[in-house]
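Shown next, in structure tokens, is the structure this report addresses.
All values reported here derive from a predicted model rather than from experimental measurement. Hydrogens, waters and symmetry mates are skipped; everything else that's a heavy atom, side chains included, is used.
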Amino acid sequence: MSGNDGRIAVVTGGNRGIGFEVCRGLALGGARVILAARDDARGEAAAEKLRAQGLAVNFQPLDVADARSVARFAQWAAGGAGRVDILVNNAGVALDGFDSEVVRNTMAVNLFGAMQTTDRLLPLMGKGGRIVMVSSGLGELGCLGPRQRPSFAASDLTRAALTGLVEQFADDVAGGRHAANGWPSNAYRVSKAGLNAFTRIVAAQLRAGEILVNAVCPGWVRTGMGGRSAERGPQKGAETILWAATLPPGGPSGKFFRDRREISW
Ligand code: NAP
């Protein structure tokens, strides 16, 4: 049985796709993995599959878009080992269609889900903690028009201002003004641009400590989201996430990586 190096890792959306491979990789590396998933049956089945391979993986319910579920999860984590060493914010959606409802539902998981999970688990993280935001190159700043780009890129962007920006996006979409106001017609892209901005905000906030926070683009991966034509298997997609989740002390923070190489925001 692995899971004996003392580290406790939480992976959101761990029941399938990239998240499942991240759970496997972290457990193979010796961590005790909490496979968090929003559906009990799917989560338990996925954890059981990894346990059958001799890995130390347990399921715990977590719907990242539901504040009460996140609070319950954090309470459970605090009451168990009382510590989280690695958090991989992997849960994500790429919804069909494009309207203000799609924007809000996408943000609820891809941006606010990662935000509230991080906020709740950060107090349980000590020196040596690692946070990985599973992002996408589709969220690079270039996806935004010149009107929005500087706001997202601003080094003094606060989380309140970031929240205001994505709320403005939803309002602009509802009012049919989003293109004129410099937004793409794509909720997923803006959600990942927001997640990248959040990564920079948290990393700056933790600069003095020893918790490293980075965003990773896994590439185009064959999963439910990536589809069958994608060039990479889930294991390859998990590689750089695993690397960022286990960076040695003094490693980078507040950066964006693909294939272990820094890429621009
Ligand atoms: P996937 O196979 O569709 O898996 C998505 C995972 O997120 C599933 O476990 C899903 O749970 C979970 N999830 C969705 N909403 C959730 C919620 N509210 N609470 C908790 N879990 C939730 O996609 P994937 O390709 O593995 O994607 C993983 C991450 O990689 C995402 O953040 C995605 O944006 C990112 N990414 C993927 C690609 C790619 O090509 N595949 C490229 C760039 C970035 P259910 O099973 O319950 O639906």
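Without hydrogens or angle criteria, Thr240 side chain to Arg260 main chain gives a donor-acceptor distance under 3.5 Å. Not one N or O on the side chain of Ser135 forms a donor-acceptor pair closer than 3.5 Å with the backbone of Asn196. No side-chain donor-acceptor contact under 3.5 Å links Trp265 to the backbone of Leu141. Side chain of Ser100 to main chain of Ala174: no donor-acceptor pair is present (N/O by atom type, distance under 3.5 Å, no hydrogens or angles). Put simply, the side chain of Arg120 never gets that close to the backbone of Ala71: no donor and acceptor are under 3.5 Å apart.
Taken to the nearest 0.5 Å, the CG atom of Leu87 stands 12.0 Å off from the CD1 atom of Ile34. With values rounded to the nearest 0.5 angstrom, Leu26 atom CG is found 5.0 Å from Leu242 atom CG. Residue Met133 holds its CE atom at 6.0 Å from CG of Leu195, rounded to the nearest 0.5 Å. Considering CZ of Phe256 and CZ of Arg261, their distance stands at 14.0 Å, rounded to 0.5 Å.
Under the rule for a side chain to side chain donor-acceptor pair (under 3.5 Å), the partners of Ser191 that lie at least two apart in sequence or sit in another chain are Asn110. Not a single side chain to side chain donor-acceptor pair (under 3.5 Å) links Arg42 to another residue, sequence neighbours left out. Residues satisfying the side chain to side chain donor-acceptor pair (under 3.5 Å) test with Lys255, not counting sequence neighbours, are none. Annotation: side chain to side chain donor-acceptor pair (under 3.5 Å) contacts of Thr246 (sequence neighbours excluded): none.
In this structure, Glu262 places its CD atom where more than 12 heavy-atom neighbours from other residues, nucleotides or ligands lie under 6.0 Å away. Counting non-hydrogen atoms of other residues, nucleotides and ligands closer than 6.0 Å to CD of Gln235 gives a total of 12 or fewer.
Counting only residues at least two apart or in different chains, ring-ring contact (aromatic ring centres under 6.0 Å, His included) contacts with residues 77-108 comprise Phe98-His178. For residues 79-95, every residue pair satisfying the side chain to side chain donor-acceptor pair (under 3.5 Å) rule, not counting sequence neighbours, is listed here: Arg83-Asp85, Asn89-Thr118. Identified under the salt bridge (charged side-chain N to carboxylate O under 4.0 Å, His left out) test for residues 216-235, with sequence neighbours left out: Arg232-Asp259. Under the side chain to side chain donor-acceptor pair (under 3.5 Å) criterion, the residue pairs touching residues 14-28 are Glu21-Arg24, Arg24-Gln53, with sequence neighbours excluded. Under the salt bridge (charged side-chain N to carboxylate O under 4.0 Å, His left out) criterion, no residue pair touches residues 93-103, with sequence neighbours excluded. Residue pairs that meet the salt bridge (charged side-chain N to carboxylate O under 4.0 Å, His left out) test with at least one member in residues 234-251, sequence neighbours left out, are Lys236-Glu239. Among residue pairs with one or both ends in residues 109-166, those qualifying as ring-ring contact (aromatic ring centres under 6.0 Å, His included) are Phe152-Trp183; sequence neighbours excluded. The stretch residues 150-173 participates, sequence neighbours left out, in these salt bridge (charged side-chain N to carboxylate O under 4.0 Å, His left out) pairs: Arg104-Asp171, Asp119-Arg159, Asp172-Arg177.
Considering only heavy atoms from C-beta on, Asp63 stays 4.5 Å or farther from Phe73 through its side chain. Counting heavy atoms from C-beta on, the side chains of Thr158 and Ile201 never come closer than 4.5 Å.
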(message) Show, in sequence, the C-alpha distance, side-chain angles and deciding distance for Leu206 and Val213, and conclude whether the side chain to side chain contact (heavy atoms under 4.5 Å, CB included) test is met.
(response) CA-CA 8 Å; Leu206 295 171; Val213 188; 3.7 Å; yes
(request) Please report the C-alpha distance between Ile263 and Cys217 in whole Å, then the side-chain angles of each, then the deciding distance to 0.1 Å, and finally whether the side chain to side chain contact (heavy atoms under 4.5 Å, CB included) criterion is met. (result) CA-CA 9 Å; Ile263 56 175; Cys217 169; 4.3 Å; yes
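Between Gln205 and Leu122, the shortest heavy-atom distance links the atoms NE2-CD2, 4.0 Å.
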